[in-house]
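Comments concern the structure below.
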Amino acid sequence: AQDSARLSRVLSILQSIASMGEKALIFVEDLAMQERLASLIQAHFGLGSPPFRINGTVPGPLRQSFVDLFQRKPGFDVMILSPRAGGVGLTLTAANHVIHLSRWWNPAVEDQATDRVFRIGQTKDVHVYLPLAVHPEPLIGDSSFDLQLDGLIERKRQLTRDLFLPPDGSDADLSDLFRSVSLSSDQADQTLPRTASLSEDYAPIPAGSPPAPPSDPAVSGEGRRDAKETPAGRSPDRTTLSLPTKFVDNGIRLWKCGSDQERPIQQLLDIFEDAHIVRVVIEDPYALAHRNSRKAQAQFLKQLALAAKTLESVSIQYSPESVKDVPESEARRSLGALFADYMPKPLPKLVMIRRERRRDDDFHDRFIILDVRHAGGAVRRHEITIGRGIEALYDTSKQCTVTYAPPSMIA
């Protein structure tokens with residue numbers, strides 16, 4: 001029943017995509033489901049042949065021929081792919097709709113699959129769909145498996161802000177998911193004894209309030225026990241907290257630059273000299289705002305790549321509302337051309353991610369995040385905050401404040 005509900009929803013989504021004459025990718029892992037879906041699409045839309053399918057059984061040269069035909073064919077079309085087999089090494093910018101029919105514990109797999117269409121050369125808005133089967137009974141609809149799994153994946157995706165790689169599903173995740181679907185968590189709340197929380201034990205006391213009497217089981221009658229009273233004039237033993245005898249350099253650097261003052265570009269580059277940079281993420285709503293800002297992103301990345309030993313990938317997050325001088329698609333192509341022209345070869349992978357400045361995505365501040373592979377293979381995160389963005393590093397007519405935070409804050 002769940003599979004039928006999802007497939008019905010997929011056909012409805014494809015109907016809308018077909019009316020616009022655009023193309024879609026559908027990611028589904030099960031080979032039998034791939035075959036069933038291909039037959040349904042062919043029959044529903046009257047296609048001369050079933051959609052192309054790319055999975056682990058399709059050899060590399062044949063995959064590329066499927067991609068080339070899909071890219072060249074005009075109008076509506078669909079390709080069905082396995083997330084693992086089709087989520088790496090393919091560029092399918094002819095499509096701008098992505099449907100995830102199979103979900104993965106690791107959200108990086110889904111994000112990597114979506115990146116097949118979100119690459120240089122994409123000229124249209126990209127739409128991502130997650131068909132979910134929800135139980136029709138209102139009382140248990142919120143406990144539907146698809147909704148609980150979607151919530152779990154979103155929580156893991158949130159972890160990617162703090163971790164280089166989100167963890168795969170654990171036994172605890174599976175247990176939590178089972179309890180949510182089976183409604184056992186509600187029953188547990190009613191049967192388990194209530195325990196006091198930290199917020200209750202250590203609630204703040206308003207100024208001027210008289211001190212509360214001590215909470216003692218011997219006085220309250222809960223679990224009565226024999227206890228000796230503290231002698232008058234003597235305080236009970238308490239843990240004493242102390243600060244270190246001296247503070248050490250925590251590695252944080254702050255530069256405040258007025259207009260016409262030298263910028264700390266070289267000092268920043270020196271930090272990453274001969275480093276193995278796995279990924280650079282630039283979060284700046286105005287990164288593509290106009291040509292000077294686009295040029296500044298490319299210039300900084302070029303200098304960083306020349307200073308480092310390796311630079312594997314770059315991600316630039318920007319706000320489409322900030323692009324003023326040219327259409328957004330042209331601004332993306334402009335930055336891509338500057339990136340290809342400025343950067344040393346071989347070119348790192350470049351991904352441009354649009355973020356709407358909505359109420360639920362407070363996208364205003366500007367950061368540079370650098371994931372660096374250190375000794376032993378560990379990847380550690382360095383962060384740079386630049387007031388007014390990278391553009392201010394190269395435009396000395398503007399004031400600029402730069403803060404660098406190393407991975408370890410305490411020596």
Side-chain angles (χ1 to χ4, degrees), residues 161 249-275 277-308 311 313-326 328 331-332 334-344 348 350-357 361-372 380-409:
R161 297 184 179 182
D249 183 7
N250 57 19
I252 296 177
R253 297 290 181 265
L254 171 65
W255 295 272
K256 293 183 178 180
C257 309
S259 57
D260 299 325
Q261 289 186 337
E262 184 180 357
R263 302 305 201 236
I265 299 175
Q266 190 57 51
Q267 291 94 316
L268 292 174
L269 297 175
D270 289 343
I271 296 172
F272 302 100
E273 185 176 0
D274 292 332
I277 303 177
V278 176
R279 182 177 64 167
V280 177
V281 179
I282 298 175
E283 300 180 3
D284 184 350
Y286 298 94
L288 273 66
H290 48 78
R291 179 166 178 79
N292 285 343
S293 58
R294 298 189 290 269
K295 185 176 180 181
Q297 317 301 316
Q299 178 67 19
F300 177 76
L301 291 170
K302 170 189 174 181
Q303 292 183 271
L304 183 64
L306 291 174
L311 173 54
S313 68
V314 176
S315 174
I316 300 178
Q317 301 180 12
Y318 71 97
S319 171
E321 298 97 325
S322 67
V323 181
K324 302 299 183 183
D325 60 337
V326 294
E328 180 191 354
R332 291 170 62 95
S334 172
L335 179 56
L338 288 169
F339 183 83
D341 184 46
Y342 279 39
M343 295 295 288
L350 172 63
V351 177
M352 287 178 272
I353 301 174
R354 65 198 314 265
R355 287 176 57 181
E356 304 284 350
R357 296 175 66 181
D361 187 2
D362 189 17
F363 185 34
H364 295 282
D365 295 332
R366 308 172 185 190
F367 303 98
I368 305 175
I369 299 171
L370 301 100
D371 292 329
V372 178
R380 305 175 69 186
R381 177 158 292 181
H382 303 247
E383 296 188 14
I384 302 173
T385 305
I386 303 180
R388 309 188 76 170
I390 292 178
E391 181 186 359
L393 281 178
Y394 297 92
D395 186 352
T396 56
S397 66
K398 295 181 171 66
Q399 293 182 344
C400 180
T401 301
V402 182
T403 305
Y404 164 73
S408 178
M409 294 302 173

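Computed over heavy atoms, backbone and side chain alike; hydrogens, waters and symmetry mates excluded. In this text, all values refer to a predicted model and were calculated from it rather than measured experimentally. Position 1 is the first residue of the sequence; numbering continues from there.
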Hey, can you tell me if His382 and Phe272 have their rings parallel, tilted or perpendicular (30° and 60° cut-offs)?
-> perpendicular

Which residues satisfy the side chain to side chain contact (heavy atoms under 4.5 Å, CB included) test with Asn292, sequence neighbours excluded?
-> His290, Glu391

Apply side chain to side chain contact (heavy atoms under 4.5 Å, CB included) to the pair Phe367 and Gln317, showing each step before the final yes or no.
-> CA-CA 10 Å; Phe367 303 98; Gln317 301 180 12; over 6 Å; no

Mind checking whether Ile316 and Leu350 have side chains closer than 4.5 Å, heavy atoms only?
-> yes

Quickly, which of Val281, Thr385, Ile390 forms a side-chain contact (heavy atoms from CB on, under 4.5 Å) with Ile368? Name it, please.
-> Ile390

Pair up each side-chain donor or acceptor in residues 295-308 with any protein partner under 3.5 Å, not counting sequence neighbours, and list the distances.
residue: Gln297; atom: NE2; partner: Ser293; partner atom: O; Å: 3.0
residue: Gln303; atom: OE1; partner: Tyr394; partner atom: OH; Å: 2.6

Met352 vs Leu335 side-chain heavy atoms within contact, under 4.5 Å | yes

Do Ile386 and Leu393 come close enough that some side-chain heavy atom pair is under 4.5 Å?
-> yes

Non-hydrogen atoms of Asp284 and Gly389 that approach each other most closely = OD2-CA, 3.7 Å

Determine, step by step, whether Phe339 and Val314 satisfy the side chain to side chain contact (heavy atoms under 4.5 Å, CB included) criterion, reporting the C-alpha distance in whole Å, the side-chain angles of both residues, the deciding distance to 0.1 Å, and the verdict.
-> CA-CA 10 Å; Phe339 183 83; Val314 176; 4.2 Å; yes

Side-chain heavy-atom pair Val402, Ile384 within 4.5 angstrom cut-off | yes

Using ring pair (Phe, Tyr, Trp, His ring centres under 6.0 Å) as the criterion, list what pairs up with Tyr342, not counting sequence neighbours.
-> none

For the residue pair Lys256 and Gln399, establish whether any side-chain heavy-atom pair is separated by less than 4.5 Å.
-> no

With sequence neighbours left out, which residue pairs that include part of residues 258-269 fulfil the side chain to side chain donor-acceptor pair (under 3.5 Å) condition?
-> Gln266-Asp270

Give the intermediate values and the outcome of side chain to side chain contact (heavy atoms under 4.5 Å, CB included) for residues Asp371 and Arg380.
-> CA-CA 6 Å; Asp371 292 329; Arg380 305 175 69 186; over 6 Å; no

By side chain to side chain contact (heavy atoms under 4.5 Å, CB included), Arg388 pairs with (sequence neighbours left out) Arg366, Ala392, Lys398

Qualifying residues under side-chain hydrogen bond (donor to acceptor under 3.5 Å, both in side chains), relative to Arg294, sequence neighbours excluded | Asp325, Ser334

Would you check if Trp255 and Thr403 make a side-chain contact, meaning some heavy-atom pair closer than 4.5 Å?
-> no

Ser322 and Leu288, any side-chain heavy atoms less than 4.5 Å apart = no

Is there a donor-acceptor pair under 3.5 Å between the side chain of Thr401 and the backbone N or O of Cys257?
-> no

